[in-house]
Engineer: 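Below is one structure. I have some questions about it.
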Amino acid sequence: MEFWWTSTRRTHQVHAERKTISILILGLLSVYLLRGVDCHRRKVKVSHSFDVQYSAISCREHTAFLTDFGGVGDGKTSNTKAFQSAINHLSQFQSQGGSQLIVPPGRYLTGSFNLTSHFTLYLHKEAVLLASQEVSEWEVIEPLPSYGRGRDADGGRYISLIFGTNLTDVIITGANGTIDGQGASWWKEFKSKKLKYTRPYLIEIMFSDQIQISNITLLNSPSWNVHPVYSSNILIQGLTILAPIVPISPNTDGINPDSCTNVRIEDCYIVSGDDCIAVKSGWDEYGIAFGMPTQHLIIRRLTCISPDSAVIALGSEMSGGIQDVRAEDILAINSESGIRIKTAVGRGGFVKDIFVRRMTMKTMKWAFWMTGNYGSHADDKYDKNALPVINGINYSDMVADNVTMAARLEGIDGDPFTGICISNVTISMAAKAKKVPWTCTDVEGLTSSVSPTACNMLPEQGTNCPFPTDVLPIDTIEIKTCSCRTNYFI
């Protein structure tokens with residue numbers, strides 16, 4: 001009897017356990033089926049992952065995605081608040097290893113936003129930032145102190161799309177992600193002279209140190225593309241900068257280092273409606289008073305197309321001075337001029353110790369152009385006795401094909417451009433070239449192995465022009481490989 005009771009009890013227990021298991025299975029199956037139905041009824045967040053790897057002056061301890069802060073990559077929703085909320089949150093990690101904000105695949109419409117220190121903005125290769133067309137998204141800020149007014153109009157200027165001031169250790173990089181300024185409406189307003197303030201730039205960093213901008217594509221800027229100003233230790237690498245050249249996109253300069261020290265620009269491809277590289281340091285009496293030169297600048301491995309302007313321009317706003325510029329291995333295609341120095345009476349300042357070598361030019365209006373009568377003053381208060389000093393200009397080892405005019409060199413009466421040296425340069429003239437390949441006024445210097453023969457003011461001396469052999473500090477910075485595998489939700 002005891003055995004039967006025990007056996008019967010165990011049988012009931014087994015049935016009870018099987019029933020419980022069956023109920024659990026049915027319950028889980030029901031939940032699964034309901035979730036399957038629900039996926040068709042509502043959108044659920046889906047996890048994505050990808051590897052982030054880039055070369056940088058600093059790696060970061062903390063990572064966040066724009067989508068963590070409400071970012072929407074549909075090309076229509078404004079992400080201005082999402083960017084600023086993300087950066088405000090990440091700023092707390094400045095002293096804790098820094099932070100990086102990753103922009104995942106998508107098209108992110110945004111107005112201007114400000115960066116923070118010890119910070120990286122990383123654009124995925126399929127990420128596009130679209131500059132907002134709403135003027136209300138663009139704050140109006142004070143003109144630059146070394147300019148005294150806006151470049152387009154008196155008074156203030158619209159803040160740049162990506163902006164930062166008084167920062168340390170800032171990186172803007174990616175896997176060749178894109179920033180599209182959607183500048184057509186700005187160009188139209190500028191041409192019709194309807195702008196009350198100066199157009200925004202795509203990237204502007206002010207009063208900052210240790211800046212890296214690399215491996216991104218910049219399109220259709222309203223005006224200048226990249227503008228580091230009053231800053232030092234700047235590395236700009238691997239940029240693709242594109243602006244339409246027909247019809248002209250006015251003042252869409254590529255990279256404009258302005259009153260900056262220790263700058264390195266390399267491995268960039270630029271198609272511009274204005275100068276590809278424009279080296280600046282302030283405008284007339286305002287630049288003289290501010291007194292901050294651009295100096296110790298390296299430019300190398302640049303490819304440029306600029307039918308209406310220069311590949312490398314020095315000035316015209318150079319009143320704080322420009323010194324020690326080293327450019328080499330430059331390819332210029334279908335451009336107005338290879339190297340151009342622009343200044344005027346009233347600028348003051350100086351352009352000296354300029355070294356350019358190994359430049360190849362194809363289809364140019366001028367290979368070399370210097371002018372002391374550029375004009376374009378900030379106002380009528382400039383000092384008419386403020387004469388610029390142009391000295392120590394060295395060009396060597398260059399080849400140019402299909403050139404309309406070899407050189408147009410125009411100094412200032414009573415203030416000649418001196419110390420010009422041009423050596424080992426061969427220029428092949430176009431079929432409809434000017435009859436006189438060189439024109440020179442108020443310049444002094446020498447040439448060596450130059451064809452066609454230069455003007456009498458630059459006699460043949462048989463001396464090669466120098467190029468510095470010392471190493472600048474910006475060429476010794478340590479580059480790290482930063483990497484992580486990340487997940488984000490959309």
Side-chain angles (χ1 to χ4, degrees), residues 233-237 255 257 260-268 270 275-279 281 293-304 310-315 318 321-332 335 337-341 350-362 364 366-370 389-401 403 406-407 409 417-427 438 443-451 453-454 457-477:
N233 300 311
I234 302 159
L235 180 61
I236 300 175
Q237 296 176 307
I255 304 167
C260 290
T261 297
N262 287 329
V263 182
R264 187 167 116 205
I265 302 170
E266 59 189 9
D267 301 308
C268 295
I270 303 172
D275 301 320
C276 293
I277 306 291
V279 186
S281 66
T294 290
Q295 57 189 344
H296 311 315
L297 167 62
I298 295 170
I299 305 167
R300 59 166 73 110
R301 298 186 299 275
L302 176 77
T303 298
C304 180
V311 174
I312 299 175
L314 306 166
M318 39 63 67
I322 298 171
Q323 185 172 14
D324 190 9
V325 176
R326 310 175 184 193
E328 56 186 333
D329 301 316
I330 311 295
L331 174 60
S335 296
S337 54
I339 312 160
R340 188 178 181 190
I341 297 175
F350 53 84
V351 176
K352 58 185 180 181
D353 303 329
I354 309 301
F355 307 93
V356 186
R357 68 177 177 181
R358 295 199 299 267
M359 189 171 191
T360 299
M361 294 172 270
K362 298 179 180 294
M364 311 291 293
W366 293 285
F368 310 123
W369 189 3
M370 305 178 189
V389 174
I390 312 300
N391 177 256
I393 313 301
N394 301 274
Y395 303 150
S396 62
D397 304 329
M398 300 185 184
V399 175
D401 296 319
V403 177
L409 311 180
F417 297 173
T418 61
I420 298 170
C421 181
I422 305 175
S423 67
N424 192 27
V425 173
T426 301
I427 300 173
W438 291 72
V443 296
E444 300 173 4
L446 55 88
T447 57
S448 176
S449 300
V450 172
S451 175
T453 303
M457 292 181 177
L458 303 176
E460 170 77 28
Q461 295 288 329
T463 302
N464 289 330
C465 304
F467 196 93
T469 57
D470 61 315
V471 177
L472 293 178
I474 193 63
D475 243 350
T476 64
I477 61 172

Engineer: Does a donor on one side chain sit under 3.5 Å from an acceptor on the other, for Asp324 and His296?
Structural biologist: yes

Engineer: Would you mind telling me which of Val389, Asn391, Ile390 makes a side-chain contact (heavy atoms from CB on, under 4.5 Å) with Phe417?
Structural biologist: Ile390

Engineer: Can you tell me which residue among Val356, Thr426, Asn424 is in a side-chain contact (heavy atoms from CB on, under 4.5 Å) with Met398?
Structural biologist: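 Among Val356, Thr426, Asn424, the one meeting side-chain contact (heavy atoms from CB on, under 4.5 Å) with Met398 is Val356.
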
Engineer: Answer yes when Asp397 and Arg357 have at least one side-chain N-carboxylate O distance shorter than 4.0 Å, and no when they do not.
Structural biologist: no

Engineer: Are any non-hydrogen side-chain atoms of Val351 and Val279 less than 4.5 angstrom apart?
Structural biologist: no

Engineer: Mind checking whether Trp438 and Phe368 have parallel, tilted or perpendicular rings, split at 30° and 60°?
Structural biologist: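 Tilted.
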
Engineer: Report the residues that fulfil side-chain contact (heavy atoms from CB on, under 4.5 Å) with Thr360, sequence neighbours left out, ordered by chain and then residue number.
Structural biologist: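 Thr360: side-chain contact (heavy atoms from CB on, under 4.5 Å) contacts with Leu331, Lys362.
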
Engineer: Would you say Met370 and Ile420 make side-chain contact, with heavy atoms under 4.5 Å?
Structural biologist: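 Yes - at least one pair of side-chain heavy atoms lies under 4.5 Å apart.
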
Engineer: Could you walk me through whether Arg326 and Asp475 pass the salt bridge (charged side-chain N to carboxylate O under 4.0 Å, His left out) test, one step at a time?
Structural biologist: CA-CA 12 Å; Arg326 310 175 184 193; Asp475 243 350; over 6 Å; no

Engineer: Does Glu460 reach the main-chain N or O of Ser449 with its side chain, forming a donor-acceptor pair under 3.5 Å?
Structural biologist: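 At least one qualifying donor-acceptor pair exists.
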
Engineer: Measure from the side-chain N and O atoms of Asn394 to the backbone N and O of Gly392, and report whether any donor-acceptor pair falls under 3.5 Å.
Structural biologist: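 Present.
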
Engineer: Are any non-hydrogen side-chain atoms of Ile339 and Ile330 less than 4.5 angstrom apart?
Structural biologist: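 When only atoms from C-beta onward are counted, Ile330 and Ile339 do not touch, as no gap falls below 4.5 Å.
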
